[in-house]
Amino acid sequence: MQPKDFIKKKAEVQEADKVSVYDYSNYVRPSPDARPRNLFLVGLRGSGKSTVGRAAAEKAGMTFVDTDLLVEEKAGKSIAAIVSEGGWEAFRDLESQALAEVCGCTGQIVATGGGMVLRAENRRRMRECGKTLYLMADVPLLAARLANNPDLARRPALSDSPMVEELRRTLAEREPLYMEAMDGLLQARKSLEELVEDVMERLPLLA
């Protein structure tokens, strides 16, 4: 039985904790020598993708990758500088290139940029190279985290709108794409320890 045969998804999230249903009764553990596929974390800025991904990778003995950091490393400049000099499309091009590079390897937990799902090629690449979890957070939680985290606040804004208004508009635009891309859902309101355990429970899907 393949993972897709027993993963159930629905786009209308009424009971968010029950979005993904997993049946492990026929799961066969892979050989210890086999490297698992990749696990991608998607969601808006501030949802906790990097924090959760880094902690889960450490616990699972996997490699952690942050595509935003990879873009900055390859470009030799910050995302803010990339956007200032070339616009958002220039950054999106570099982001897609970073994802393609990441997908050349396996055994990684990958925190993606909030807009990674905007391009169909990126959604396709993540489907081909692993499984994807959507780290869902509501606007008040995101706004509070962005207000309290100077590093997150330094990322370039998408518009001149107030932060809460921008978050609402961006969530409305991107959430259908997160839902399309995801193989499972994580609730960002949970503690880091709970989220790491949720990720660990889903790792058998990578085999």
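The first residue in the sequence is number 1, and the count goes up from there. Please read all numbers here as calculations on a predicted model, not as lab measurements.
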Lys/Arg-Asp/Glu bridge criterion (N-O < 4.0 Å) met for Arg124, Glu121: no
SB check Arg119 Asp93 (cutoff 4.0 Å): yes
Side-chain ion pair, Arg169 and Glu173, N-O less than 4.0 Å: no
Approximate separation, where rounding is to 0.5 Å, of Arg145 CZ and Leu167 CG: 12.0 Å
Met136 side, atom CE; Lys190 side, atom NZ - distance, nearest 0.5 Å: 12.5 Å
Considering all heavy atoms, the nearest Leu94-Ala75 contact: CD1-CB, 4.3 Å
Check: Leu135 main-chain N/O paired with Lys49 side-chain donor or acceptor under 3.5 Å: no
Leu118 reachable from Leu70 in the ILVMFWY side-chain graph, under 4.5 Å edges: yes
Between CD on residue Glu197 and CG on residue Leu192, distance to nearest 0.5 Å: 10.5 Å
Sidechain-backbone polar pair: Thr67 side chain, Gly113 backbone, donor-acceptor under 3.5 Å: yes
Test item: Tyr178 side-chain N/O and Gly114 main-chain N/O as donor-acceptor pair under 3.5 Å: yes
Distance (rounded to the nearest 0.5 Å) between Cys129 SG and Leu206 CG: 12.0 Å
Whether Asn122 side chain and Met116 backbone form a donor-acceptor pair below 3.5 Å: yes
Any donor-acceptor pair under 3.5 Å from Gln108 side chain to Met62 backbone: no
Donor-acceptor under 3.5 Å (Thr170 side chain, Glu166 main chain): yes
Pairs meeting criterion side chain to side chain donor-acceptor pair (under 3.5 Å) with involvement of residues 132-142, two or more places apart: Tyr134-Glu175
Atom pair CG (Leu99) and CZ (Phe40), whose distance is rounded to the nearest 0.5 Å: 5.5 Å
Exam field: side chain Asp66 to backbone Thr112, donor-acceptor pair closer than 3.5 Å: no
Worked check of side chain to side chain contact (heavy atoms under 4.5 Å, CB included) between Cys105 and Thr63: CA-CA 10 Å; Cys105 301; Thr63 301; over 6 Å; no
Same apolar cluster: Phe64 and Leu69, side chain cutoff 4.5 Å: no
Sidechain-backbone polar pair: Arg37 side chain, Glu128 backbone, donor-acceptor under 3.5 Å: yes
Residues Glu72 and Lys77 bridged, charged N to O under 4.0 Å: no
Phe91: ring-ring contact (aromatic ring centres under 6.0 Å, His included) partners, not counting sequence neighbours: Trp88
Evaluation steps, side chain to side chain contact (heavy atoms under 4.5 Å, CB included), between Asn38 and Ile109: CA-CA 6 Å; Asn38 297 312; Ile109 295 182; over 6 Å; no
